[in-house]
Novice: 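I have a structure I would like to understand better, so I am pasting it below and will then ask my questions one at a time.
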Amino acid sequence: MRYYGPHQVKVATWNVNSIRARLNHACEWLGRHQPDVLCMQETKVVDDDFPTDEFMRLGYGVAMAGQLAYNGVAILSRLPMKDIGIGLAGQSLDADKRVIAATISGIRVFSCYVPNGKSVASPAFQEKLAWLEQLRQTLDATVDPKSDVLVCGDFNIATDERDVFAPELFRGKTHFHPDEHRALAKLRAFGLKDAFRELHSEGGLYSWWDYRAGGFRKNEGLRIDYVFLSESLSARCASAIMDREPRRLDKPSDHIPVLVELT
DNA sequence: ATGGTTGTAACACAA
């Protein structure tokens, strides 16, 4: 005999730029889209002050790894989470809180906040490249590329010209530099597909717009937030959207959610 | 406009 259980899963990622400042936006968005899982980045809060109760009232379990003022990642899930882990392979406990992982419905889910990199000449740029290399090593050490793996978050890298409002302006700079493209390609060579790109080939669709200079109004943005899927999951991906609605609200995050449906 | 805005936290820094 055979048994096939229900395993449709909706997974989203959103850099909320402070979960306390964005609590209402996040709760409204969860109610509207009913994702099973929401990965968040830049929660900007220590674990004791995370608004855990508000999400639990909505039926979500909460796994978080935060720090004072900066960074911070979390996974909300209304399906059970197990084997929660934080940080990258070989990282010390006091490293920036930029990655948290959990296994949900047999899927190993990583919520990632890749370092911004500041400017190409800055040491932070090399640290960004090294961080991506360590993320690849973490995947190699902890998961099988033939299994169900979902790596999502704010990668602070636009993949190609379609993902940058002014490629000629950004080329060679942070977020659109060949070294970043090589680092991201090495990560993806683990066996990860860009869920949104698999289903949408047009340019000009962005996940982030600068708060300054009317970036959103002019659609001067970047696509830097991704859901990457291993082969087995990519085959199950029925939809992938980037929801611009939350960016229109009062006091929005500068990023919008990316949402995938796995059937 | 080597500017512009936002969040946190402390009177700057990161994005």
Novice: Donor-acceptor pair, distance only, cut-off 3.5 Å: does the side chain of A/R247 make one with the backbone of A/W209?
Specialist: yes
Novice: Go through DNA chain B in 5' to 3' direction and return only the first and the last nucleotide with some atom under 4.0 Å of chain A's heavy atoms.
Specialist: B/dG4 to B/dA15
Novice: How far does the C1' atom of B/dA14 sit from the matching atom of B/dG4, given to the nearest Å?
Specialist: 16 Å
Novice: What is the nucleic acid contact for A/R98, judged by heavy atoms within less than 4.0 Å: base, sugar-phosphate only, or nothing?
Specialist: sugar-phosphate
Novice: DNA chain B: A/D210 or A/A21, which has the more 5' nearest nucleotide?
Specialist: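 By nearest-heavy-atom nucleotide position, the 5'-most residue is A/D210.
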Novice: What integer number of Å spans the C1' atoms of B/dA9 and B/dG3?
Specialist: 24 Å
Novice: Are the aromatic rings of A/F165 and A/F170 close, with centres under 6.0 Å apart?
Specialist: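 Yes, close enough.
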Novice: Under 4.0 Å, heavy atoms only, any strand: does A/F216 hit a base, just the sugar-phosphate, or nothing?
Specialist: nothing
Novice: In the hydrophobic clustering (ILVMFWY, side-chain contacts below 4.5 Å, transitive), which residues join A/L68, or is it alone?
Specialist: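 ILVMFWY cluster around A/L68 also holds A/V46.
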Novice: Taking the six-membered ring for Trp, are A/F228 and A/F155 closer than 6.0 Å centroid to centroid?
Specialist: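 Yes, ring centres under 6.0 Å apart.
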Novice: Suppose we call two aromatic rings close when their centres sit under 6.0 Å apart. Are A/W29 and A/H33 close by that rule?
Specialist: yes
Novice: Quick check: on DNA chain B, is the nucleotide nearest A/R212 upstream (toward 5') of the one nearest A/W208, or the reverse? Name the residue that is more 5'.
Specialist: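 By nearest-heavy-atom nucleotide position, the 5'-most residue is A/R212.
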Novice: So, the side chain of A/K128 versus the backbone of A/N156: is there a donor-acceptor pair under 3.5 Å, distance only?
Specialist: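 Here the side-chain-to-backbone pair exists.
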